[in-house]
**Q** 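So that we are looking at the same thing, I have put the structure below in structure tokens.
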Amino acid sequence: MSTTILSSTLLLTVLLAIGLFFFIRASVKDRTQVIQLMSTEPTDSLLAQLQQYFTQRSYKVVAIDATQNQVTFAGFVRPSWFLAVFLTFLAAIGILCLVLVLSFLFPQIGLLFLGLELLSPIAGMFYWQKAGRQEQVSLKLESAATESTQETQNLITVTGHRDELSVLRETLGWQQVS
């Protein structure tokens, strides 16, 4: 193979390795969002339902602000075994591609580059250490009377991890306000 082909292949492989590095780093990125949900249920039953929901999801009440009708829940989010293994696998494949190109460029020490494969579990360990963390979900409740139906609707502003918010919305079936 010509040196030009190997050099360009090495450049592309290094660019892919950089992309893989940022993908692994993004796996632990904070994904906090704010959504607003609308419910016609009474405030007391609404708060009881929300507290029961978050208690079932292993969250605990850490702060209550009665003046602003705000409740903050906290819970430990466990990392995913599947994602840790998947990221380790991706890192192993990416390093193997880099080793293959390096072994073509430097055939005299080609087998020594296989030692780089020992670095692939670092991706899974990085994810495992950073993904397991305390998450907080904050709820703020506001009441608003609608003019057309004369019934009181509750606007719930929820701040939390986007996955937790999507499960909350699906489970309780409340209408999301855009």
Side-chain angles (χ1 to χ4, degrees), residues 1-37 50-63 71-139 157-174 176 178:
M1 262 189 228
S2 74
T3 309
T4 307
I5 293 172
L6 287 175
S7 298
S8 63
T9 304
L10 177 64
L11 176 68
L12 291 174
T13 306
V14 167
L15 289 175
L16 289 172
I18 291 169
L20 178 62
F21 170 78
F22 283 107
F23 179 76
I24 291 170
R25 207 175 101 202
S27 68
V28 295
K29 180 181 172 191
D30 183 33
R31 290 174 170 76
T32 302
Q33 287 183 335
V34 177
I35 64 169
Q36 292 184 324
L37 302 171
L50 285 168
Q51 185 170 5
Q52 179 185 6
Y53 169 81
F54 283 111
T55 303
Q56 287 175 348
R57 305 262 311 158
S58 299
Y59 281 83
K60 292 181 173 61
V61 176
V62 292
V71 180
T72 304
F73 294 92
F76 183 76
V77 177
R78 293 181 304 169
S80 163
W81 277 101
F82 172 77
L83 195 53
V85 170
F86 181 66
L87 290 173
T88 302
F89 175 73
L90 285 179
I93 296 298
I95 291 172
L96 186 63
C97 292
L98 183 62
V99 165
L100 181 63
V101 172
L102 289 174
S103 67
F104 276 117
L105 275 174
F106 307 105
Q108 61 276 17
I109 55 171
L111 289 178
L112 291 177
F113 289 121
L114 279 176
L116 292 174
E117 272 305 313
L118 297 174
L119 298 175
S120 62
I122 292 174
M125 289 187 298
F126 170 78
Y127 167 77
W128 195 259
Q129 289 176 350
K130 301 284 184 176
R133 62 180 177 261
Q134 285 279 37
E135 290 283 338
Q136 286 194 345
V137 177
S138 177
L139 305 168
T157 305
V158 187
T159 305
H161 191 276
R162 73 172 182 197
D163 295 338
E164 188 65 48
L165 296 181
S166 66
V167 171
L168 171 70
R169 191 177 51 232
E170 290 173 11
T171 304
L172 299 178
W174 294 330
Q176 184 172 349
S178 53

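Any value given below was found using the heavy atoms of this structure, including those in side chains, with hydrogens, waters and symmetry copies removed. Predicted model, so just to flag it, every value in this text is computed and none were measured.
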**Q** Quick check on Arg78: does its CZ atom have over 12 non-hydrogen neighbours (other residues, nucleotides or ligands) under 6.0 Å away?
**A** no
**Q** Identify the heavy atoms of Val101 and Thr9 that sit nearest to each other, and give their distance.
**A** CG2-CG2, 3.7 Å
**Q** Please check this pair: side chain of Thr171 against backbone of Leu168, looking for a donor-acceptor N/O pair closer than 3.5 Å.
**A** no
**Q** Before you tell me yes or no, could you show the steps for Thr157 and Leu37 under side chain to side chain contact (heavy atoms under 4.5 Å, CB included), namely the whole-Å CA-CA distance, both residues' side-chain angles and the distance that decides it to 0.1 Å?
**A** CA-CA 6 Å; Thr157 305; Leu37 302 171; over 6 Å; no
**Q** What is the distance from atom CG of Asp30 to atom NE2 of His161, rounded to the nearest 0.5 Å?
**A**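 One finds 7.0 Å between CG of Asp30 and NE2 of His161.
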**Q** Checking the side chain of Glu117 only, and the main-chain atoms of Leu96 only, is there a donor and an acceptor separated by less than 3.5 Å?
**A**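 Indeed, once roles are kept as given, a pair shorter than 3.5 Å links the two residues.
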**Q** Measure the shortest side-chain to side-chain distance between Ile93 and Leu20 over non-hydrogen atoms and say whether it is less than 4.5 angstrom.
**A**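 Not touching, per the 4.5 Å side-chain cut-off.
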**Q** Parallel under 30°, tilted from 30 to 60°, perpendicular over 60°: which one fits the rings of Trp128 and Trp81?
**A** tilted
**Q** Hey, what do you get for CG (Leu11) to OG (Ser7), rounding to the nearest 0.5 Å?
**A** 9.0 Å
**Q** Which atoms form the tightest heavy-atom contact between Ile24 and Ala91, and what is the distance?
**A** CD1-CB, 4.2 Å
**Q** Taking atom CG of Leu102 and atom CG of Leu112, what is their separation to the nearest 0.5 Å?
**A**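 With rounding to 0.5 Å, CG (Leu102) is 11.5 Å from CG (Leu112).
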**Q** Kindly check if the number of other-residue, nucleotide or ligand heavy atoms within 6.0 Å of CZ (Phe89) is above 12?
**A** no
**Q** Does any non-hydrogen side-chain atom of Phe73 lie less than 4.5 Å from one of Leu139?
**A**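 Yes, their side chains come closer than 4.5 Å.
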**Q** Tell me if the CD1 atom of Ile109 is crowded by more than 12 foreign heavy atoms within 6.0 Å.
**A**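 Correct, the count exceeds 12.
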**Q** What I'd like to find out is whether the side chain of Ser27 reaches to under 4.5 Å of the side chain of Leu87, using heavy atoms alone.
**A**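 Result yes, sub-4.5 Å side-chain heavy-atom pair found.
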**Q** Going through the checks in order, is the side chain to side chain contact (heavy atoms under 4.5 Å, CB included) test met by Val71 and Gln51?
**A** CA-CA 9 Å; Val71 180; Gln51 185 170 5; over 6 Å; no
**Q** Is the backbone N or O of Tyr53 less than 3.5 Å from a side-chain atom of Tyr59, with the two atoms forming a donor-acceptor pair by type?
**A**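 No, the answer is negative, given that no donor and acceptor are paired below the 3.5 Å cut-off.
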**Q** Flag the pair Ile95 / Phe113 as yes when at least one side-chain heavy-atom distance between them is below 4.5 Å, and no otherwise.
**A**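 No, their side chains stay 4.5 Å or more apart.
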**Q** Would you name the heavy atoms of Val62 and Gln136 that are closest together and state the gap between them?
**A**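 In terms of heavy atoms, the two residues are closest at CG2-NE2, 4.3 Å.
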**Q** Just so I know, are the side chains of Thr159 and Ile35 near enough to count as touching, which here means a heavy-atom distance under 4.5 Å?
**A** no
**Q** With heavy-atom distances below 4.5 Å as the criterion, would you say the side chains of Glu135 and Glu164 are in contact?
**A**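 No, their side chains stay 4.5 Å or more apart.
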**Q** At what distance, to the nearest 0.5 angstrom, does CZ of Arg162 lie from OG1 of Thr32?
**A**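 It is 10.5 Å, given to the nearest 0.5 Å.
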**Q** To the nearest 0.5 Å, how far apart are CG in Leu16 and CZ in Phe23?
**A** 13.5 Å
**Q** Nearest 0.5 Å, what's the CG-CG distance between Leu105 and Leu100?
**A** 10.0 Å
**Q** So, do Asp163 and Arg31 sit near enough that their side-chain heavy atoms are less than 4.5 Å apart?
**A** no
**Q** Please report the closest heavy-atom contact between Ala131 and Pro79, naming both atoms and the distance.
**A** CB-CB, 3.8 Å
